[in-house]
Peer 1: 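I'd like to ask some things about the structure below.
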Amino acid sequence: MSNQLSVVDALPGVAFTAQSDGRADFVNQGWNAYTGRNCAEAHGTGWHSAVHPQDLPGLIVHWNATVCGAKAVDIHARLLRFDGVYRWCVLRMNPLAQDQWCGLFTDIDDYRSGATPAPIDLDLRTIIDCIPALVALMTPEGALECVNCHNLDYLGATLEELQQWTVGATVHPDDLPGVINAWMHAVRTEEPYRNELRLRRADGAYHWFAARALPMRDAQGTVTRWVLISVDIDEQKRDKALIAHALAEVSASEDRLSTIINAIPGFVWSAAPDGSVGFVNQRWCDYTGMTLEQACGIGWARSVHPDDAEHLARYWNALLQSGEAGEYEARLRRFDGHYRWFLVRAVPQRDEWGAVVRWYGENTDIEDRKQAEMLAASIAIERQQSEETLGKVRSELAHLARVASLSAVTASIAHEVNQPLAGIITNASTCLRMLGADPPNVAGALETARRTIRDGNRAADVINRLRALFSKKSITIEDVDLNEAAREVIAMLLGELQRNGVALHPDFTDDLPTVRGDRVQLQQVILNLILNATEAMNTMTGRARYLHVSTGLDAHQDVYLAVKDNGSGFEPLDAERLFNAFYTTKSAGMGIGLSISRSIIERHAGVLSATLNDGPGATFQFTIPPAAGPAAEATREGS
Ligand code: ADP
């Protein structure tokens, strides 16, 4: 053992054993001989004190890497010799036992030469691998000598491949000629190199890099190596491009804005919170004949009509006080002295605390509207006088229409009422007979009397329906189910239709929304349309008479009722004329049914129109907004 120890002590270098964490538990006599220090001092981390402070961090990094099995490398570090001189040594390590290592420092200082580029020592490698950029070392002639790990990772290439960068695709083809020129220039002149270029990432995507290279020189000033650092600036480049784009947009939109402001068919202005005007658009200047300078402050007020000036000033001050938006009508003087009416609108712009920071205004020319209003006002006065007469005529016409319809349905009513009346008479005589028999048939008479009552009620029903239809005077607005209203009208007209040989085809859509309106008036319209259709088929021979009555929702979700016949139809040019009052093609016609029907439908916010069928005949249809819709709400409020 002592023999072995003396061998270890006699080794030409510092030999030691240590734990994985670098704590030494043994050093040989070489330590004492080389450093001149006591061996005990070297135990634990004591030996670190002999390592050059600049080299210690690199040494520890490589120590740990070796211990972890990552890579076993020669570790270069300077050790302090007994004479106070730091000398380059190489440390080599081997595993000794579980968690224990032995190491050997060998002095190599004499072998390190300054003439040729020094071999890349471990520290430099460690350092360049730590730099979060692409670092490359180049020979004085400009050839690629070595790169850091990020280079290999980023570019996804081997050192050998990278050394061919001037012919490969590492540098973007568009940038390559410029890069080669600049690099050759730097190498020739030995001036720092700067460039921006695109480098290809492992996945094929090119990123922008800023590349800088500085020459390293020896004591004599000779370039020994170039250090080239390239930093990814792709994001900044993109940000810069975005900012440039945004700035271009802003200036373009400013131009557009001023074009728009001057193109607005009105006057646009802005004012400070105190109301003093700072801007008016070109149109304002063109109209008033004032310049922007003349309009600024309160100069604009000179364009206001003297009769409106005081009111407008008071209103404007009230807006400034309240900070609320508002509008006012006033006359503004044109450059030629002529005044026109304008609607002046002002809207405040507020900051995040709600304080008004600016007022924006717009003046719209409302001269035409004002003129129309004044005209309407004078017409209205003439009307307060004529409305009464008109109302009278209208109600007379309505009455006439009702009577006209009444005469047409009399036959049908007679038919309807006739049946129960005949029943009543028969039953009454049967009843009498039964009571007069000996013995009287009381049970039979009772039953017959009951049937008499039933028939009497039926007749009364028919009469009631008629009364409702023809004698109701006042208008009642309610939710009307058009299906139900139409069914009632049809029930009343069945006899009339039968008499005319008309086959009725009802086609009512279920769950039809109700409409707001006067049930009796709407039934009058339906009655009128059905009777017209029947009459249009009256003269027709040679084909069956069809009458289709349908309901449903149209494309606008309005409720419609259509009456379609296969009768005579009408001349296409007459489609509108039919609705004129007193237009009729019938010898006994009055020509007011359709005109009254149309005014009834229009009062229900609806439309009544006539179209010719593809085949023979015509279709008359009206549409009314459903009760739940906004238009019906208006009818509701207006009623
Ligand atoms: P009248 O029925 O008294 O003539 P209306 O105003 O009800 O008055 O009708 C005006 C005219 O419209 C009728 O004379 C007729 O020429 C035409 N007309 C109305 N309904 C139809 C229809 N279904 N088919 C063809 N023409 C019709």
Side-chain angles (χ1 to χ4, degrees), residues 390 393-413 469-470 482 485-486 489-490 492-494 496-507 518 520-551 560-604 606-623:
L390 200 69
V393 173
R394 202 182 285 140
S395 69
E396 270 165 30
L397 285 179
H399 180 69
L400 277 176
R402 288 177 195 189
V403 176
S405 308
L406 189 59
S407 72
V409 290
T410 309
S412 138
I413 297 156
L469 200 54
F470 291 101
L482 277 188
V489 173
I490 289 170
M492 223 177 61
L493 288 178
L494 276 178
E496 174 77 3
L497 296 174
Q498 255 169 26
R499 212 161 49 82
N500 284 286
V502 174
L504 176 79
H505 297 272
D507 181 12
D518 184 275
V520 174
Q521 283 194 348
L522 292 173
Q523 284 185 319
Q524 215 185 322
V525 173
I526 301 169
L527 181 89
N528 194 37
L529 297 183
I530 295 180
L531 287 177
N532 272 351
T534 312
E535 283 171 5
M537 295 187 286
N538 253 349
T539 53
M540 195 183 94
T541 48
R543 62 172 186 264
R545 298 167 183 182
Y546 285 114
L547 178 71
H548 292 261
V549 180
S550 54
T551 59
Y560 74 81
L561 182 141
V563 177
K564 178 181 177 184
D565 60 63
N566 63 343
S568 58
F570 47 81
E571 287 301 313
L573 284 177
D574 286 340
E576 267 310 303
R577 249 202 312 166
L578 305 181
F579 295 95
N580 289 349
F582 306 119
Y583 174 85
T584 181
T585 53
K586 299 166 192 165
S587 54
M590 298 188 63
I592 50 167
L594 284 182
S595 103
I596 289 183
S597 295
R598 181 173 261 187
S599 73
I600 289 176
I601 295 301
E602 284 176 354
R603 240 177 291 146
H604 285 77
V607 178
L608 170 64
S609 59
T611 47
L612 281 169
N613 295 340
D614 275 349
T619 301
F620 284 72
Q621 164 170 327
F622 67 78
T623 55

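The figures here come from the full heavy-atom set of this structure, side chains too, leaving out hydrogens, waters and symmetry mates. Each ligand, and each atom within it, is numbered from 1 in the order the structure gives.
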Peer 1: Do Phe622 and Ile526 have side-chain heavy atoms sitting under 4.5 Å apart?
Peer 2: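 The answer is yes; the side chains approach within 4.5 Å.
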
Peer 1: Between Leu608 and Ile600, is any pair of side-chain heavy atoms under 4.5 Å apart?
Peer 2: no

Peer 1: Check this for me - ligand 1, Tyr583, N or O atoms closer than 3.5 angstrom, yes or no?
Peer 2: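 Min N/O separation from ligand 1 is not below 3.5 Å for Tyr583.
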
Peer 1: How about Asn500 and Thr534: does a side-chain donor come under 3.5 Å of a side-chain acceptor?
Peer 2: no

Peer 1: Do any N/O atoms on Asp565 end up under 3.5 angstrom from N/O atoms on ligand 1?
Peer 2: yes

Peer 1: Check ligand 1 against Gly593 and write out every atom of the ligand that is under 4.0 Å from a heavy-atom position of the residue.
Peer 2: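 Those qualifying, in numeric order: 5 (P), 6 (O), 7 (O), 8 (O).
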
Peer 1: At a non-hydrogen distance cut-off of under 4.0 Å, which region of Leu529 contacts ligand 1 (side chain, backbone, both, or neither)?
Peer 2: neither

Peer 1: Which one holds for Phe620 and ligand 1: side chain close, backbone close, both close, or neither close, with close meaning a heavy atom under 4.0 Å?
Peer 2: side chain

Peer 1: For atom 25 (C) of ligand 1, which candidate among Ser597, Ala618, Gly569, Ser595 holds the nearest heavy atom?
Peer 2: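 Nearest heavy atom to atom 25 (C) of ligand 1 lies in Gly569.
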
Peer 1: Indicate the atoms forming the closest heavy-atom contact of Ala610 with Phe620, along with that distance.
Peer 2: CB-CE2, 3.5 Å

Peer 1: Based purely on interatomic distance, does Asn532 place a nitrogen or oxygen under 3.5 Å from a nitrogen or oxygen of ligand 1?
Peer 2: yes

Peer 1: Just one of Thr611, Asp565, Asn613, Asp614 clears the side-chain hydrogen bond (donor to acceptor under 3.5 Å, both in side chains) bar with Thr619, so which one?
Peer 2: Asn613

Peer 1: Once the angle between the rings of Tyr546 and His505 is folded into 0 to 90°, is it parallel (under 30°), tilted (30 to 60°) or perpendicular (over 60°)?
Peer 2: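 The rings of Tyr546 and His505 sit tilted, inter-plane angle from 30° to 60°.
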
